[in-house]
Amino acid sequence: VESNDLIKQIFAYSSVTIEESFTSTILMVMVALVTILPIAIINRFFFEEKNQYLSQIYGTKVKRGELYWTNILLAIILALIGVLCTAGGLGGVALSVMADSSMKMADFLAIGFNLYPSILFFIGLAALVLGWTPKLGKAIYIYLAYASMLNYFEGILDLPKLVLNTAPQSWLSQMPMEAFNIKTFFIVIIVSVILMFVGYFGYNRRDMLEGA
């Protein structure tokens with residue numbers, strides 16, 4: 001860090017140790033990778049729809065809403081498991097190789113859990129697209145990549161706050177450099193849930209795009 005100005009800009013913060021700032025940045029990247037899975041689950045749902053794999057299911061008593069919420073809940077649960085595994089795995093490895101660590105396992109889990117609403121936001125966004133413009137589902141990956149790169153290089157790009165706020169990760173507090181912001185945490189969750197319900201209303205109303 002001391003010999004590389006680029007690395008110093010990315011990871012060094014005056015108020016915290018290099019271990020803490022490194023953990024915050026790396027977990028942000030790892031959580032972004034976890035986000036790919038729930039987006040893929042929702043996009044796969046549309047893939048099965050347009051390839052007519054769901055035709056037989058829709059011919060039974062199973063309602064469209066039931067299938068929609070099953071996929072959304074699956075994405076939410078697997079995202080939570082992914083965050084726990086990612087933060088716990090990183091914490092376990094870090095604590096096993098560092099003799100005098102200033103962090104505890106709870107710190108790693110707290111940083112990961114703090115970023116969980118950003119995954120829910122992407123799930124809500126993917127659900128919204130599924131309900132109204134499902135053909136644009138793959139654009140969510142582009143937005144995820146953009147937001148992740150924006151946050152990763154935030155320290156060296158020196159971008160205005162308005163631009164940084166286009167990435168949902170920027171809405172949440174950057175732990176441990178910043179204190180946990182419970183208000184923002186729940187606001188992002190509420191917005192994400194609203195997007196899921198708006199997507200549900202669109203999905204329930206639109207025609208099936210089989211063979212599209």
Side-chain angles (χ1 to χ4, degrees), residues 28 30-86 112-151 163-172 181-212:
M28 185 274 296
M30 296 175 74
V31 167
L33 294 175
V34 171
T35 308
I36 295 174
L37 176 59
I39 295 174
I41 290 173
I42 297 173
N43 283 348
R44 177 71 186 184
F45 188 40
F46 175 62
F47 174 83
E48 293 175 347
E49 174 190 330
K50 71 177 183 179
N51 285 281
Q52 304 181 38
Y53 297 155
L54 302 178
S55 298
Q56 292 183 344
I57 298 178
Y58 287 135
T60 66
K61 294 182 179 180
V62 177
K63 298 179 180 179
R64 290 172 61 174
E66 293 176 354
L67 282 176
Y68 174 88
W69 286 116
T70 297
N71 279 269
I72 297 300
L73 289 175
L74 180 63
I76 292 173
I77 293 171
L78 289 181
L80 179 59
I81 294 174
V83 169
L84 292 175
C85 291
T86 298
F113 185 67
N114 175 64
L115 293 170
Y116 181 60
S118 67
I119 305 181
L120 294 181
F121 178 80
F122 277 103
I123 293 175
L125 200 59
L128 179 68
V129 171
L130 172 67
W132 297 93
T133 54
K135 292 182 179 181
L136 299 179
K138 292 183 179 180
I140 306 296
Y141 294 117
I142 299 175
Y143 179 45
L144 174 62
Y146 160 79
S148 301
M149 296 298 290
L150 201 64
N151 286 119
V163 175
L164 293 175
N165 281 338
T166 59
Q169 297 93 328
S170 298
W171 306 338
L172 302 162
N181 190 326
I182 190 170
K183 180 180 179 180
T184 304
F185 183 87
F186 281 107
I187 287 176
V188 176
I189 291 178
I190 292 171
V191 170
S192 303
V193 172
I194 291 174
L195 291 175
M196 295 174 198
F197 273 97
V198 174
Y200 165 72
F201 292 132
Y203 182 76
N204 242 5
R205 292 166 61 89
R206 71 170 173 82
D207 295 331
M208 294 290 99
L209 301 179
E210 296 178 339

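- Between atom CD1 of residue I190 and atom CG of residue L195 there is a gap of 12.0 Å, rounded to the nearest 0.5 Å.
- At distances below 3.5 Å, at least one donor-acceptor pair connects side-chain atoms of S170 with backbone N or O atoms of L164.
- Taking CD1 of I119 as the start and OG1 of T35 as the end, the distance is 4.0 Å to the nearest 0.5 Å.
- Separation of atoms CD1 (I189) and CG (L120) is listed at 6.0 Å; rounding is to 0.5 Å.
- Residues passing the ring pair (Phe, Tyr, Trp, His ring centres under 6.0 Å) test with Y143 are F122, sequence neighbours excluded.
- Closest non-hydrogen pair, I123 versus I42, comes out as O-CD1, 3.6 Å.
- Residues satisfying the side-chain contact (heavy atoms from CB on, under 4.5 Å) criterion with V62, sequence neighbours excluded, are I57, T60, E66, L67.
- Contact detail for W171 and N165: the closest heavy-atom pair is NE1-O, 2.7 Å.
- Closest approach of V188 and F121 over heavy atoms only: CG1-CB, 4.4 Å.
- Nearest approach of A40 to Y141, heavy atoms of both residues: CA-OH, 3.2 Å.
- For Y203, the ring pair (Phe, Tyr, Trp, His ring centres under 6.0 Å) partners are F45, Y68, not counting sequence neighbours.
- Of all the heavy atoms in A75 and I41, the pair that sits closest is CA-CD1, 4.1 Å.
- The line from CG of L150 to CD of Q169 is 8.5 Å long, rounded to the nearest 0.5 Å.
- Side-chain contact between I76 and Y116: present, with at least one pair of heavy atoms (C-beta onward) separated by less than 4.5 Å.
- Here the CG atom belonging to N51 is positioned 8.0 Å from the CZ atom belonging to R44, to the nearest 0.5 angstrom.
- Distance check, rounded to the nearest 0.5 Å: CG of L80 to SG of C85 gives 9.5 Å.
- Contacts of T166 classified as side chain to side chain donor-acceptor pair (under 3.5 Å), with partners at least two apart in sequence or in another chain: Y146.
- By the side-chain contact (heavy atoms from CB on, under 4.5 Å) test, I77 is found to be paired with I81, residues two or more places apart in sequence or in another chain being considered.
- With hydrogens and angles disregarded, a donor-acceptor distance shorter than 3.5 Å links the side chain of R206 to the backbone of L130.
- Taking all atoms of both residues into account, the shortest heavy-atom contact from N204 to G65 is OD1-N, 3.9 Å.
- Every ring pair (Phe, Tyr, Trp, His ring centres under 6.0 Å) that W69 has, sequence neighbours left out, goes to F197, Y200.
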